[in-house]
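Structure, as structure tokens:
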2 protein chains.
Amino acid sequence: MTTREMHDRMANAIRFLSMDAVEKANSGHPGLPMGAADIATVLFSRYLSYDPQKPDWADRDRFVLSAGHGSMLLYSLLYLTGYEDIDLEQIKHFRQLGWRTAGHPEWGHAAGIETTTGPLGQGLANSVGMALAERIMNARFGDDLVDHYTYVLAGDGCLMEGISQEAISLAGHLKLNKLIVIWDDNNISIDGAISLSDSTDQCKRFEASGWNTTRVDGHNPDAIAAAIEAARKSDRPTLIAAKTTIGYGAPTRAGTNKAHGSPLGAEEIAGARKALGWDAEPFVVPSDVLDAWRVAGLRAAKERKEWEKRLCAADASTRAEFERRMRGDLPQGFDQLIVDYKKKLVEDKPKVATRKSSEMALEVINALVTETIGGSADLTGSNNTKTSQTGPIKPDDYSGRYVYYGIREHGMAAAMNGMTLHGGVIPYGGTFLTFSDYARPAMRLASLMGIRSIFVMTHDSIGLGEDGPTHQPVEHLAALRAIPNHYVMRPADAVEAAECWQIALESTKTPSTLALTRQNLPTVRTEHAVENLSARGAYELAGTNGDAAVTIFATGSEVEIALAARAELEKRGHRTRVVSVPCMEIFAAQSDEYRTGLIGNASVKIAIEAGVRQGWDAIIGSDGLFVGMSGFGASGKIEDLYKHFGITAEAAVEAVEKRLASA
Amino acid sequence: MTTREMHDRMANAIRFLSMDAVEKANSGHPGLPMGAADIATVLFSRYLSYDPQKPDWADRDRFVLSAGHGSMLLYSLLYLTGYEDIDLEQIKHFRQLGWRTAGHPEWGHAAGIETTTGPLGQGLANSVGMALAERIMNARFGDDLVDHYTYVLAGDGCLMEGISQEAISLAGHLKLNKLIVIWDDNNISIDGAISLSDSTDQCKRFEASGWNTTRVDGHNPDAIAAAIEAARKSDRPTLIAAKTTIGYGAPTRAGTNKAHGSPLGAEEIAGARKALGWDAEPFVVPSDVLDAWRVAGLRAAKERKEWEKRLCAADASTRAEFERRMRGDLPQGFDQLIVDYKKKLVEDKPKVATRKSSEMALEVINALVTETIGGSADLTGSNNTKTSQTGPIKPDDYSGRYVYYGIREHGMAAAMNGMTLHGGVIPYGGTFLTFSDYARPAMRLASLMGIRSIFVMTHDSIGLGEDGPTHQPVEHLAALRAIPNHYVMRPADAVEAAECWQIALESTKTPSTLALTRQNLPTVRTEHAVENLSARGAYELAGTNGDAAVTIFATGSEVEIALAARAELEKRGHRTRVVSVPCMEIFAAQSDEYRTGLIGNASVKIAIEAGVRQGWDAIIGSDGLFVGMSGFGASGKIEDLYKHFGITAEAAVEAVEKRLASA
């Protein structure tokens, strides 16, 4: 048991490392680490199960700093508890290019950072996915292998963001009782007092969604400890509202927004030294304090070793399966499964919507890849995300494989990221492509982190018809393609859909969006290929390069139109080839040789896609022809819409002939 | 007073028009109109103040169908109460191309549609802006001219979306007591029972944010009326949780998700006819029922005329100001104000960040244009959105001109849309450009509606420095440019900032995003121009077209780099010109002649922008050179970052010379 005096000194070590690092960087946020230091000290020295020597221990507790601007809190903790990745040099180079101690915690920069945070509310919503993944893995592998908590430190900003409502209502509904959120309730945001912009009774709000809540003095270690202990026993997720003083210890700025986001300055820090009785030089942690922290860091090593023994004692197949899933490897036989399935498709030639093709592929995949966890933001029947293997995940019964996320696209995407980060499961979740806008901040973070979250986005164009322009994506393909490290895949038929699913599942460092149609499409890939042709991003579907006067590039539902245009152009004597472009990003990453070869030298290059042109010039050139959308869609029947907006084989043929005539 | 029998028949008229229209369209959502018909009948026949003969009556109550999929409810009401725009032919052509009765209600299609809804939660969040605009206008013009309610019909989806939390917590905080939200509490979402995905006690949740709440039987007209009457007297916004049966009257589908989103079929409709005692043929409303509805539609005509008398009786300047503001016209002298201000800038040559330039322009603008309402999602000091004229808007005191929106980007943007739609005010609101992702669904709707909401997005590149990649936009310029009808403006200096503000304020049918720097920039526009050069989207800033070997295109902070590169290239003997591109969308809309002339024929075209390349090929060609970002940013000092990512004059010069050498 830590004495109160030692607790205070351990907490002050966080405070001064944070003040010093922000000061040296001349940039950063000292207020949160200073205010939340007591909470963090209690959590990391008494409750959190983690082992700095084995940071990837699968059954560790997860800690999420949702208020990511307080990154120095986390870096201080990682240094103090003995994580190798964050040494004192890292702390001294806080926020400098090339160092691990980025302005906001970035997953992958250092062990112990469980997710990238900064955009507010994301960490909280990630944690719901982590806590859910824990329960799912527990249901599969039992208490012996999976039984840990997810702790979150969230700020006012996290709770004011709308995503927090989606997160807490989902967590409350699913009774994720091993999720414990500590709210750094400091009454301050950047603009000033919270009372400038909010009057919400947060505890009452969380209770309304089925949470256990409690209020504590965030500077009283015993009270914090008691609250955590009670939370760990709750049958519901818990919010601990910990009243704190932002910038605790700063003589004039504590309790104000002046402590939030800028260096305190030498004078204020000197005052804090005096107020908190801290004699050490900048960046120096007195050896007894560092020792105490290092001991805290060793606390769970025994527990971890016992867990390893249990893993070793498990039967071989259970252990192998557990380890495979935690590594993120796909089961043996996955590639062959896809090849065999594609062969069957080429024989069957289904004429179905690609959302249905996606479901058919998933039906095959989910049978082998038992770690997939499907879901939809209340569009299950429209997104075709549920297969025969994916029974519902329910409160108190996490043995299923399907999450009814509710009308919560943003919360879904962020929870999926949390599940991916937790490991052991591969989440995919659906909504309409137009509502990717709602999920976008989380989709971006998946890309930034480089993790395998798979977004199933159906109704991917005006082809959705009568629901009209609010529901018809036109700019979304371009907008998603703009995000670095994100595969936007738009399969043209069932074969490409299977290939795109293969790519998505095999891309462990890149999230994927599958853009899928509502309307039926013919099978255009009529010859079996063992190779995943979509894995080149684009490939020649019809015609040959040598003699073509016209090359038509198209994606998804417009490949059918491209083929019809080709037939007509050939009839009129124009040698025409069609290139299918299921994934622009992958195509852009191919060799120059492949790219220039495939693009070719036809005198007319034309792209057909029921979206905006932006991005296509890279393939067809700024003088290329484009058949697509230049504004919003409209409500009407699909056939009326395609005609009205001129996305037809006839329009393409006409444009090509006009260009050929003018050449 | 309507008899209960007549009430029922009036409600049934809505139900059958909705069933019939969905059936004929073979597409649409009958469940909500059938379930909420009683609520709507009470509201539209007894409480809502509106005049179908003068639908733009400024002091009418606003009605927002946040659950936009229930569009037939609104179309039925507009037809029944006598709005000219929606006649029976419109109802019969529900969801057909070219008709006003789109799948979801679209603002501008017909009078009486107060906002475009469909993407869930947006209408609810719009309504907060409408109710706030009402209070702001009331504070300015008094009860005589502005004193009306905002009513919302919201569904479970609206309440599950995160944006709803931002909306209700803001409304509760601001005590918008004339906002009355009726929740169509039917326990059903698309996937099935709400209990599949949610367990939230919505009343408790709203109460936690300071709302008055009440629960009623949504099929009991007297109970609904009593709840509305109580709500109108509340000193807080009110949630009326009205328990309803989705698809009320449908014999087998009522109360299930099968009533939600598809035609009921002839048999089910026949059953509903029997169950509800409705003998009329499809699309026929018995004359006594139609008469009762038309009388309801006339109910507020007297009130409207009295209001007009009060407007006439007001002093001339008040009336003129009120009418000007409601028309959306800018005050006289606005153009000259900008010209004079630009002249001063050219003399002063400030070296400030464009976020500061924006503030300086606003300081000038806000003095004349007193209808601007500033705000920020808790980044006031960073977004520079507050000027000396904009005192805070507070609960119970709406005389200010600045909204502390809190950490609610999405709710802010949607509330801004609601303010714009209400009229009389011009809202602008700020956050970091990277968090435009959070606000994007509302920004898209501003574009779709074509309304003047102005988004101030600062920290617009890696130039924000240490906060790192979570906070550094790289794809956001491209992603926003992809949205049709949205001006993305990135001024290069204080002069362009003033011009961009002029464009934003004068563009009544296009929303604008101003992308502004954190870092200081020199004044590059050193010669005074009366003309707004930015209003051409792009213009020649340095050099001339005739003899240039190199043309550099750049925006915002990279114009400075372009000019430095030009200086060096000229020094090395390469005639170089610089084209500033403050707004690509406006440039794309210029005449072919202007565009091709400005782009010119220099043998090397190069663009410099600290974002992704996507979109630039339209100007520089796919073989043009690009100096910008190809992935995410990093945490570090700004100078380190620009160097690290190669966005420098040196890099541009090197690329140009390499290209020139290879030519």
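Letters A, B, ... mirror the listed sequences (proteins, then strands); counts begin at 1.
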Has B:His173 got a side-chain atom pairing as donor or acceptor with A:Leu196's backbone, closer than 3.5 angstrom? yes
Is it the side chain or the backbone of A:Ser27 that comes within 4.5 Å of chain B heavy atoms, both, or neither? side chain
I need the residue from B:Leu379, B:Leu174, B:Ile619 with the largest number of non-hydrogen atom pairs under 4.5 Å to chain A. B:Leu379
A:Ser195: partners by side-chain hydrogen bond (donor to acceptor under 3.5 Å, both in side chains), with sequence neighbours left out: none
Would you mind telling me which of A:Leu120, A:Asn26, A:Ile620 has the largest number of heavy-atom pairs within less than 4.5 Å of chain B? A:Leu120
Note, A:Pro441 side chain near A:Gln122 side chain (heavy atom, < 4.5 Å): yes
Option that, when pairs with chain B are counted at under 4.5 Å, heavy atom only, ranks first among A:Leu480, A:Leu448, A:Thr380: A:Leu448
Side chain, backbone, both or neither: which part of B:His93 has a heavy atom under 4.5 Å from chain A? neither
Check against side-chain contact (heavy atoms from CB on, under 4.5 Å), B:Met629 and B:Gln472: CA-CA 11 Å; B:Met629 300 292 290; B:Gln472 291 163 353; 5.9 Å; no
Part of B:Leu445 lying under 4.5 Å from any heavy atom of chain A: side chain
Any chance you could measure B:Lys204, atom NZ, to A:Asp201, atom CG, to the nearest 0.5 Å? 9.0 Å
Would you mind telling me which of B:Leu477, B:Asp617, B:Asp378, B:Thr200 has the largest number of heavy-atom pairs within less than 4.5 Å of chain A? B:Asp378
Check each atom of B:Thr434 against the heavy atoms of chain A and say whether the ones under 4.5 Å are side chain, backbone, both or neither. side chain
Could you check which of A:Met160, A:Lys637, A:Lys394, A:Gln96 has the highest count of heavy-atom pairs closer than 4.5 Å to chain B? A:Met160
Can you say whether A:His410 sits under 4.5 Å from chain B via the side chain, the backbone, both, or neither, judging by heavy atoms? side chain
Please state whether the side chain, the backbone, both or neither of A:Thr116 comes within less than 4.5 Å of a heavy atom of chain B. side chain
Hey, which of A:Ile483, A:Leu641, A:Asp623, A:Leu159 has the most heavy atom pairs under 4.5 Å with chain B? A:Ile483
Would you tell me whether A:Thr431 and A:Tyr405 have side-chain atoms, one donor and one acceptor, within less than 3.5 Å of each other? no
What option among B:Lys386, B:Arg481, B:Arg408 has the most heavy-atom pairs under 4.5 Å with chain A? B:Arg408
Under 4.5 Å, counting heavy-atom pairs only, tell me which of B:Gly611, B:Ser630, B:Ala377, B:Ser447 racks up the most with chain A. B:Ser447
Under 4.5 Å, counting heavy-atom pairs only, tell me which of A:Gly624, A:Gly636, A:Ala208 racks up the most with chain B. A:Ala208
With a 4.5 angstrom heavy-atom cut-off, is it the side chain or the backbone of A:Thr117 that approaches chain B, or both, or neither? backbone
Is there a side-chain contact between A:Met584 and A:Trp616 (heavy atoms, below 4.5 Å)? yes
Quick check on A:Tyr438 against chain B: is it the side chain, the backbone, both or neither that has a heavy atom closer than 4.5 Å? both
Is it the backbone or the side chain of A:Glu106 that comes under 4.5 Å from a heavy atom of chain B, or both, or neither? side chain
So which of A:Ser71, A:Gly411, A:Gly468, A:Ala478 has the largest heavy-atom pair count under 4.5 angstrom toward chain B? A:Ala478
Taking every heavy-atom pair that is under 4.5 Å apart, which of B:His29, B:His476, B:Arg444, B:Glu166 has the most such pairs with chain A? B:Arg444
Using only heavy-atom distances, determine whether the side chains of A:Gln165 and A:Arg205 contain a donor-acceptor pair under 3.5 Å. yes
Looking at A:Arg95 and B:Asp467, is there a salt bridge between them, counting it only when a charged N and a carboxylate O are closer than 4.0 Å? yes
Under 4.5 Å from any heavy atom of chain A, what part of B:Arg613 do you find: side chain, backbone, both or neither? neither
What part of B:Val474 gets within 4.5 angstrom of chain A, counting heavy atoms only: side chain, backbone, both, or neither? both
Counting only non-hydrogen atoms closer than 4.5 Å, does A:His69 touch chain B with its backbone (N, CA, C, O), its side chain (CB onward), both, or neither? neither
Option that, when pairs with chain A are counted at under 4.5 Å, heavy atom only, ranks first among B:Pro119, B:Ala618, B:Gly103: B:Pro119
Not counting sequence neighbours, which residues clear salt bridge (charged side-chain N to carboxylate O under 4.0 Å, His left out) with B:Asp437? List them please. A:Arg440
Please flag which part of B:Pro473 lies under 4.5 Å from any non-hydrogen atom of chain A: side chain, backbone, both or neither. backbone
